[in-house]
Amino acid sequence: MQPFTQQVIDIIRAIPSGKVMTYGQIAATAGSPRGARQVVRILHTMSDKHGLPWHRVINAKGEIAITEDESRFLQKIILEEEGIKTNEAGRIDLSVHRYNG
DNA sequence: GCCATGGCTAGTA
DNA sequence: GCCATGGCTAGTA
């Protein structure tokens, strides 16, 4: 496992319930401001194994970015259970819910 | 070659 | 809506 990957995993783990971070924000915190897509890949391949709170990661617009329908719906439900609601436009208010690593 | 991005711009209203 | 981006992995040799 590469240092960047380990960093990203640690950062995602530390996001508390009721808060979210963006892909780019996590990448930047891990020391690679352009590495947003790596965060995507890491979530994809390592969420299960490492028990990551994958649902607390959204895109920079405040949207749920998952493309697969079932998981997308699941993410919305879990976030709601944690007190995070999406507005009519499907957006989450980052000014309220963003976690600053 | 993948990818659940992000940021900028052209084009509409 | 377009496209540059980058760290890693699956798959081949």
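Quick caveat, the model's predicted, so the values are computed rather than measured. A note on names: the letters A, B, ... follow the listed sequences, proteins ahead of strands, and every chain is numbered from 1.
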Any base atoms under 4.0 Å from Gln2(A), or only sugar-phosphate, or nothing? Heavy atoms, all strands. sugar-phosphate

Could you state the interatomic distance from CD1 (Ile15(A)) to NE2 (His97(A)), rounded to the nearest 0.5 Å? 14.0 Å

Please tell me if Ser32(A) has a side-chain N or O lying less than 4.0 Å from either OP1 or OP2 of dG7(C). yes

Whether the side chain of Glu82(A) engages the backbone of Ile84(A) through a donor-acceptor N/O pair (distance < 3.5 Å, no angle test) should be reported. no

Please classify the nucleic acid contact of Arg41(A) as base, sugar-phosphate, or nothing, using heavy-atom distances under 4.0 Å. base

Gln38(A) or Gln25(A), whichever maps to the more 5' nucleotide of DNA chain B: Gln38(A)

If you look at every strand shown and take non-hydrogen atoms under 4.0 Å, does Gly35(A) touch a base, only sugar-phosphate, or nothing? nothing

Examine distances only and state if a side-chain atom of Gln25(A) and a backbone atom of Tyr99(A) form a donor-acceptor pair shorter than 3.5 Å. yes

Check the distance between dC8(C)'s P and Phe4(A)'s CZ and give it to me in whole angstrom. 7 Å

Residue Met46(A), side-chain heavy atoms: nucleotide from dT9(C), dT5(C), dC8(C) that is nearest: dT9(C)

Note: contacts of residues 48-67 of chain A with DNA chain C (heavy atom, under 4.0 Å) are none

Measure the distance from CZ on Arg37(A) to P on dT5(B) and round it to the nearest whole Å. 6 Å

Please determine if a side-chain N or O atom of His44(A) lies less than 4.0 Å away from the OP1 or OP2 oxygen of dA4(B). yes

Under the 3.5 angstrom rule, does the side chain of Glu80(A) hit a backbone N or O of Lys85(A) as a donor-acceptor pair? no

Donor-acceptor pair under 3.5 Å, Arg34(A) side chain vs dT5(C) base: no

For DNA chain C, the dot-bracket pattern of Watson-Crick and G-U pairs whose distances stay under 3.5 Å, | for other-strand partners: ||||.|||.....

Arg72(A) atom CZ: more than 12 heavy-atom contacts under 6.0 Å: yes

How is Thr5(A) classified with respect to the nucleic acid when contacts are heavy atoms under 4.0 Å: base, sugar-phosphate, or nothing? sugar-phosphate

Within the side chain of Thr45(A), is there an N or O that forms a donor-acceptor pair under 3.5 Å with the backbone of Arg41(A)? yes

Are any of the side-chain heavy atoms of Lys76(A) and Thr86(A) separated by less than 4.5 Å? yes

Measure the distance from CG on Leu43(A) to P on dG7(C) and round it to the nearest whole Å. 17 Å

Expressed in angstrom and rounded to an integer, what is the separation of Met21(A) atom CE from dG6(B) atom C1'? 16 Å

Using whole Å, what does the distance between atom C1' of nucleotide dC3(B) and atom CD1 of Ile26(A) come to? 15 Å

For a quick check under 3.5 Å, do Gln2(A) and Thr5(A) share a side-chain donor-acceptor pair by atom type? no

Would you check if the side chain of Arg13(A) reaches a backbone N or O of His50(A) as a donor-acceptor pair within less than 3.5 Å? yes

I need the CD1-P distance between Ile42(A) and dG7(C), as an integer number of Å. 10 Å

What's the CD-P distance between Gln7(A) and dC8(C), to the nearest Å? 11 Å

Please state how far atom CD1 in Ile9(A) lies from atom C1' in dG7(C), giving the value in whole angstrom units. 13 Å

